[in-house]
Amino acid sequence: MGDRRILLLLVLVLFSGLVSFVGAYEEEKSEQTTQGEKWFLLRQLHNVVKTDAGSMRIVKGGYRAGSFLHSPMHIGFISMEPNSLFIPQYLDSDLLLFVHQGEATTGNIYRDELAERSLKEGDVYTIPAGSAFYLENGNENQRLRIICSIGISSESMGWNAFQSFFIGGGVHTSILAGFDHTTLSTALNVSTAELKTFLIRQTSGPIVHLSNSHQLNIWSKFLAQEPHQKLAHLKRIVNFGEESNPKEEVSTWSLRKFLFNLLNREDVVKRVNRKAPSTYNLYNRNPDFENNYGWSKALDESDYSPLEQSGNGVYLVNLTSGSMMAPHVNPRAIEYGIVLKGTGRIQIVYPNGTLAMNARVREGDVFWVPRYFPFCQIASSNGPFEFFGFSTSARRNHPHFLVGRNSLMQSLSGPEFAASFGIDEERLKRIANAQSEQVILPSSSPDSPMEMNLDFY
Ligand SMILES: *[C@@H]1O[C@H](CO)[C@@H](O)[C@H](O)[C@H]1NC(C)=O
Ligand SMILES: *[C@@H]1O[C@H](CO)[C@@H](O)[C@H](O)[C@H]1NC(C)=O
Ligand SMILES: *[C@@H]1O[C@H](CO)[C@@H](O)[C@H](O)[C@H]1NC(C)=O
C-alpha cells in the first residue's frame with residue numbers, strides 16, 4: 001500500500017513536472033539562471049594539488065549554500081603529464097576511479113599485500129579508505145585523465161575539502177612533517193637516518209615528473225623496486241602504531257592513535273575481501289539498455305563486487321543528437337553526472353513539482369540529482385551527448401521512468417488515477433500511450449547549438 005501511495009505521488013509529480021518542462025522550453029529564450037543551477041550544477045572547481053607534472057581539482061560536496069540539500073560526494077579530476085607519479089598517500093574516504101583518458105599503474109596496500117594494477121581507458125577501480133596508494137602515468141606521450149568520486153563518510157574528518165595524507169616524500173605535504181625528527185624517530189622506533197629514507201625532502205609537490213632530466217629520482221627508484229620492497233616502504237609508515245606507550249609525549253601518542261585508528265579501523269578491515277580487486281572496463285560492457293536513440297550502461301555490486309565496499313554505482317550514457325533520457329526519478333540513490341562529450345540540457349524538478357533547474361551543460365560540467373527529484377537529460381542537436389557518473393547506491397538502481405512505454409504513467413493509468421487528475425480514464429490512456437518508445441526517447445524540439453569546451457582538468 002505504501003508503494004502505491006509513493007507511485008501516486010510520483011505521478012502527481014510527473015504531471016506538474018511535465019508542465020514545468022514544457023514551461024521551461026517556452027522560457028528558454030530568456031535563459032535565466034534559476035536558483036537550482038547554483039545547487040545542482042557544480043561548476044566551481046577547487047585546486048587540491050597543482051604542480052607542473054599534474055593537478056587534482058575537485059567540486060566539493062557538502063551542504064549547498066542557502067539550501068538544506070546535502071551532496072555526499074566530492075567529484076575529482078586528476079590530470080597527470082606523461083611519465084609522472086602521484087606520490088604515495090592515503091585518503092580517509094573511499095576513492096572510486098574512472099580512467100577517462102590514457103593509462104595508469106596504481107599500487108595500493110590491500111590487506112597485507114601490494115596490489116598493483118594497470119588501468120586503461122574506461123577502467124573503473126576502487127581504493128578503500130585508509131589504504132596507502134600511488135598512481136603512475138608511465139606513458140611517454142599521453143596525458144592521464146581520471147575522474148573520481150570521493151565519498152564523504154560520517155567518519156571522515158573533512159578538513160578542508162577532504163583530507164589527503166601524503167605519507168612519503170614532500171616534507172611540505174607529509175602529515176608527519178609537522179613533528180620534529182626526534183619525536184618522529186621515537187614514535188616510529190627507527191633511527192633518524194632511517195627516518196630520512198621516507199621523509200625525503202623534495203619540493204615539487206605531490207605529483208612529480210619521473211623523467212631523467214630531474215635529478216630527484218627517488219620516486220623512479222621507488223617504482224623500480226620489487227613489490228615486496230615497495231610494500232615495505234609503504235607499510236613502514238602505515239604499521240608503526242600497534243600500541244601506544246603511556247610514557248610518550250601526548251603529541252606522539254595522538255599521532256600514533258590517530259594513524260592507528262585511521263589505518264586499522266575495524267570496519268575497514270572487516271569490509272575488505274581477501275583478494276585484492278581487479279579492474280572493470282566500462283567501455284567493454286554491453287549496454288544494459290539500447291535503442292536507436294542511444295544506450296546506457298550501469299554497473300552495480302553484482303557486476304563488480306568492490307562497489308559494495310564503497311557503496312557506489314557507476315554508469316555511462318550515450319545519447320544520439322536530439323535524444324533524451326525519459327523523465328525519471330531515483331528512489332534509492334543520489335546521482336552525479338559528468339559530461340564527457342557533447343552538449344545538452346539537464347532538467348531537474350523538485351519533488352513538489354516545481355522546476356528546479358533547466359541548464360545547458362557542456363564537456364566537464366558536473367551535475368547532481370537528489371533522491372526523488374524527477375529529472376531528464378537531453379542531447380543537443382549538434383552531436384552525441386555522452387555522460388558518465390556515480391550514484392550513491394551499489395545496489396541495482398531501479399529508476400522509475402515517468403514517461404514512455406512501460407513507465408509508471410502507463411502502469412497506473414487506471415480510473416482512480418485518472419480521477420486524481422480530474423480527467424477521464426480514456427484521456428489519461430491516450431496521453432500515456434502516445435509515446436511508443438521507452439527509456440531513451442527521440443526528441444522533437446531541436447535544441448540550439450551551444451558553446452563548448454570548459455577546461456575542467
Ligand atoms: C624498537 O626497536 C628495537 C630493535 O629495533 C626493539 O628491540 C624494541 O623492542 C622496539 N621498541 C618498541 C617499543 O617497539
Ligand atoms: C557514442 O555514440 C557515438 C555515435 O552516436 C559514437 O561515435 C561514440 O563513440 C559513442 N561513445 C562511446 C563512449 O562509445
Ligand atoms: C517547491 O520546493 C522548492 C524548494 O523547496 C521551492 O523553492 C518552491 O517554491 C516549491 N514550490 C511550490 C509550488 O511549493
Side-chain angles (χ1 to χ4, degrees), residues 9-10 12-24 27 32-41 63-71 98-103 119-124 145-147 280-299 314-325 329 334 337-344 347-359 361-364 368-375 377-389 437 439-443 446-447 449 452:
L9 260 174
L10 287 176
L12 290 169
V13 161
L14 148 78
F15 268 81
S16 30
L18 282 183
V19 170
S20 308
F21 286 149
V22 170
E27 281 164 28
Q32 301 162 332
T33 302
T34 58
Q35 191 148 45
E37 206 148 318
K38 215 169 57 201
W39 292 340
F40 305 112
L41 194 58
Y63 281 95
R64 312 317 305 167
S67 151
F68 60 93
L69 294 159
H70 184 256
S71 150
F98 169 72
V99 181
H100 184 199
Q101 185 197 307
E103 48 194 50
L119 306 177
K120 59 180 188 301
E121 231 159 79
D123 272 351
V124 173
R145 287 178 163 179
I146 285 178
I147 300 174
Y280 188 102
N281 195 276
L282 201 51
Y283 289 163
N284 292 343
R285 181 183 174 83
N286 288 327
D288 296 281
F289 178 85
E290 186 169 24
N291 65 13
N292 289 338
Y293 311 106
W295 51 254
S296 72
K297 303 176 181 186
L299 198 62
V314 172
Y315 70 88
L316 181 66
V317 173
N318 195 355
L319 303 178
T320 63
S321 52
S323 301
M324 73 150 86
M325 195 80 164
V329 296
I334 298 167
I338 299 106
V339 180
L340 298 183
K341 213 175 266 174
T343 57
Q347 296 190 355
I348 303 176
V349 169
Y350 290 117
N352 65 13
T354 309
L355 180 78
M357 177 178 102
N358 175 27
V361 291
R362 58 201 176 208
E363 203 174 308
W368 74 291
V369 186
R371 265 169 79 162
Y372 298 120
F373 279 49
F375 67 112
Q377 304 97 332
I378 307 158
S380 39
S381 55
N382 57 0
F385 182 41
E386 269 178 44
F387 53 97
F388 160 86
E437 294 291 341
V439 182
I440 300 178
L441 313 175
S443 171
D447 209 356
M452 281 190 54

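Computed from a predicted structure; not experimentally measured. Counting convention: from 1, in listed order, for ligands and their atoms alike.
When all heavy atoms of R285 and A298 are compared, the closest pair comes out as NH2-O, 3.2 Å. The minimum heavy-atom distance linking E121 with Y283 is given by the pair O-CD1, 3.8 Å.
Looking only at side-chain heavy atoms (C-beta outward), I440 and L319 come within less than 4.5 Å of each other. Using a 4.5 Å heavy-atom threshold, the side chains of F385 and V339 count as touching.
Between I147 atom CD1 and Q101 atom CD the span is 10.5 Å, to the nearest 0.5 Å.
Every atom of ligand 2 with a heavy atom of N318 under 4.0 Å away is listed here by number and element: 1 (C), 2 (O), 3 (C), 8 (C), 10 (C), 11 (N), 12 (C), 14 (O).
Contacts between E386 and ligand 2 below 4.0 angstrom, taking non-hydrogen atoms only, involve the side chain exclusively. At a heavy-atom distance under 4.0 Å, only side-chain atoms of W295, from C-beta outward, approach ligand 2.
Partner L282 forms a side-chain contact (heavy atoms from CB on, under 4.5 Å) with one of V99, D123, L316 and no other, that one being L316.
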I would like to know whether F40 and L69 meet side-chain contact (heavy atoms from CB on, under 4.5 Å); could you show each step before the answer? CA-CA 9 Å; F40 305 112; L69 294 159; 3.5 Å; yes
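Ordered by chain and residue number, the residues placing a heavy atom less than 4.0 Å from ligand 3 are Y350, N352, T354.
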